[in-house]
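Here's the structure, in structure tokens; my notes come after.
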Amino acid sequence: VMEGNAAPAAQFLPPLFFGVSRKLEPVAFDPDGAKKLLSEAGYPNGFKVTLHGPSGRYPNDARIVEAVAQMLARIGIETTIETMPPAIFFTRASTGADGQPEFSFFLAGWGAASGENSSPLKGLIATYDKATGLGGSNRGRYSNSAVDEALADALNTVDMTGVENGLAKATEIAITDGALVPILHPLNTWGSRKELTMSPRTDEATTAMMVKAN
């Protein structure tokens with residue numbers, strides 16, 4: 001689907017970001033293992049689900065939704081897909097008719113302009129708390145006190161090694177607990193003349209200062 005312009009994801013951010021786990025690896029493709037887990041969970045014949053997603057927000061987002069639905073169908077999960085323009089999708093995903101997120105299963109992405117791992121942890125994974133702003137994009141309302149404690153410990157220390165280890169620990173707890181399912185990290189592409197060198201930024205912005213003569 002991504003034609004080589006993506007890398008398999010094991011966690012929220014790619015390996016070069018500060019505070020990511022050095023222990024997590026992408027889960028191997030294993031449909032037989034998935035069927036076994038479904039059976040152990042009491043769903044030997046699968047179940048039905050609707051997968052929502054934006055169309056036009058991320059590279060190939062609608063195609064990714066279709067590919068995921070096909071993979072789920074292979075293990076017995078009958079998946080209906082529904083994609084829509086980004087403005088409609090994110091409104092419905094954030095606040096449904098009752099003020100709660102409308103979708104239970106959906107595709108979304110996250111960019112960490114800060115270049116470190118507290119960004120997705122605070123936004124996507126921390127227990128939703130309107131007063132503090134934590135979990136502001138936690139549309140699935142995932143909540144795990146162990147993750148919250150590890151994140152708080154990391155954010156409340158001035159020792160950078162402690163911060164890094166704490167963020168990695170919170171990530172490992174969340175991923176192991178199935179807080180969300182990482183799929184891929186898209187790869188950005190820049191084109192330039194041979195005598196120029198580009199130095200990409202983590203926030204994906206393109207500026208004149210990125211370009212230097214060889």
Note to self: Return the OG to CD1 distance between Ser55 and Ile64, rounded to the nearest 0.5 Å.
What the structure shows: 11.5 Å
Next item on the list: Using the rule that two of Ile, Leu, Val, Met, Phe, Trp, Tyr join whenever any of their side-chain heavy atoms come within less than 4.5 Å, decide whether Leu24 and Val181 are in one cluster.
Entry: no
Checklist line | Cationic N near anionic O, under 4.0 Å, Arg92 to Glu82 | finding: yes
Margin query: Quick check on the hydrophobic clustering: are Leu184 and Leu124 connected, directly or via other members, by side-chain heavy-atom contacts under 4.5 Å?
Written below: no
Check: Roughly how far, to the nearest 0.5 Å, is CG of Leu180 from CZ of Arg139?
Finding: 12.0 Å
Next item on the list: Take Ile183 and Leu107 through the test side chain to side chain contact (heavy atoms under 4.5 Å, CB included) and record every step on the way to the result.
Entry: CA-CA 9 Å; Ile183 299 177; Leu107 172 78; 4.0 Å; yes
Note to self: Can a donor-acceptor pair be found, under 3.5 Å and without considering hydrogens, that links the side chain of Asp129 to the backbone of Leu134?
What the structure shows: no
Note to self: Can you confirm whether the side chains of Gln11 and Ser21 place a donor and an acceptor under 3.5 Å from each other?
What the structure shows: no
Next item on the list: Kindly work out whether a path of hydrophobic side-chain contacts (I/L/V/M/F/W/Y, heavy atoms less than 4.5 Å apart) joins Leu51 to Met71.
Entry: no
Notebook entry, point to check: If every non-hydrogen atom of Met2 is compared with every non-hydrogen atom of Pro59, which pair is closest and at what distance?
Noted result: SD-O, 3.8 Å
Note to self: Can a side-chain donor-acceptor contact be found between Thr206 and Trp190 if the only test is distance below 3.5 angstrom?
What the structure shows: yes
Check: What's the shortest heavy-atom distance between Ala34 and Ile75, and which atoms?
Finding: CB-CD1, 3.8 Å
Next item on the list: Run through Thr132, Asn138, Asp148 and flag the one making a side-chain hydrogen bond (donor to acceptor under 3.5 Å, both in side chains) with Thr127.
Entry: Asp148
Notebook entry, point to check: Are the side chain of Asn144 and the backbone N or O of Ala146 linked by a donor-acceptor pair below 3.5 Å?
Noted result: yes
Checklist line | No-hydrogen, no-angle side-chain donor-acceptor test under 3.5 Å, Tyr58 and Asn60 | finding: no
Check: Do Leu38 and Pro44 touch side chain to side chain, with heavy atoms closer than 4.5 Å?
Finding: no
Check: Going by heavy atoms in the side chains, are Glu116 and Phe17 under 4.5 Å from each other?
Finding: no
Check: To the nearest 0.5 Å, how far apart are CZ in Arg22 and CG in Asn165?
Finding: 10.0 Å
Check: Just by distance, do the side chain of Asn45 and the backbone of Gly76 share a donor-acceptor pair under 3.5 Å?
Finding: no
Next item on the list: With the side chain counted from C-beta on, respond yes when Ser119 and Trp110 share a heavy-atom pair under 4.5 Å apart, and no when they do not.
Entry: yes
Next item on the list: Kindly indicate whether the side chain of Ser192, heavy atoms from C-beta on, has any atom under 4.5 Å from the side chain of Thr197.
Entry: no
Item checked: Donor-acceptor contact below 3.5 Å, side chain Ser39 vs main chain Lys35 -> no
Check: Of the non-hydrogen atoms in Ala179 and Ile125, which two are nearest, and what is the gap between them?
Finding: CB-CD1, 3.8 Å
Next item on the list: May I ask you to test the Asp177-Tyr142 pair for a side-chain heavy-atom distance under 4.5 Å?
Entry: yes
Check: Looking at CE of Met160 and CZ of Phe18, how far apart are the two atoms once the value is rounded to the nearest 0.5 Å?
Finding: 4.0 Å
Margin query: According to a hydrophobic-cluster definition based on side-chain heavy atoms being under 4.5 Å apart (Ile, Leu, Val, Met, Phe, Trp, Tyr only), do Val65 and Phe106 belong together?
Written below: no
Margin query: Leu167 vs Phe12, test: side chain to side chain contact (heavy atoms under 4.5 Å, CB included). Steps then yes/no.
Written below: CA-CA 11 Å; Leu167 295 177; Phe12 315 120; over 6 Å; no
Checklist line | Side chain to side chain, Val49 and Thr80, heavy atoms closer than 4.5 Å | finding: no
Next item on the list: Mind listing the closest non-hydrogen atom pair of Thr157 and Gly162 along with its distance?
Entry: CG2-C, 4.0 Å
Next item on the list: Report yes if some heavy atom in the side chain of Asn5 is under 4.5 Å from a heavy atom in the side chain of Pro186; otherwise report no.
Entry: no
Item checked: Side-chain heavy-atom pair Ile81, Thr50 within 4.5 angstrom cut-off -> no
Item checked: Rounded distance (nearest 0.5 Å) linking atom OG1 of Thr83 with atom CD of Glu66 -> 7.0 Å
Margin query: Less than 3.5 Å apart, any donor N or O on the side chain of Asn117 or Thr171 sitting next to an acceptor on the other?
Written below: yes
Check: How many angstroms lie between atom CG of Asp30 and atom NZ of Lys36, to the nearest 0.5 angstrom?
Finding: 9.5 Å
Item checked: Nearest heavy-atom neighbours spanning Ile175 and Pro182 -> CD1-CG, 3.8 Å
Item checked: For Pro14 against Val20, the heavy-atom pair lying closest together -> O-CG1, 3.6 Å
Notebook entry, point to check: In terms of hydrophobic clustering (I, L, V, M, F, W, Y; side-chain heavy atoms under 4.5 Å; direct or indirect links), are Val68 and Phe89 co-clustered?
Noted result: no
Notebook entry, point to check: Would you say Thr79's side chain and Ile77's backbone share a donor-acceptor pair under 3.5 angstrom?
Noted result: yes
Next item on the list: Would you confirm whether the ring centroid of His52 sits within less than 6.0 angstrom of the ring centroid of Phe103?
Entry: yes
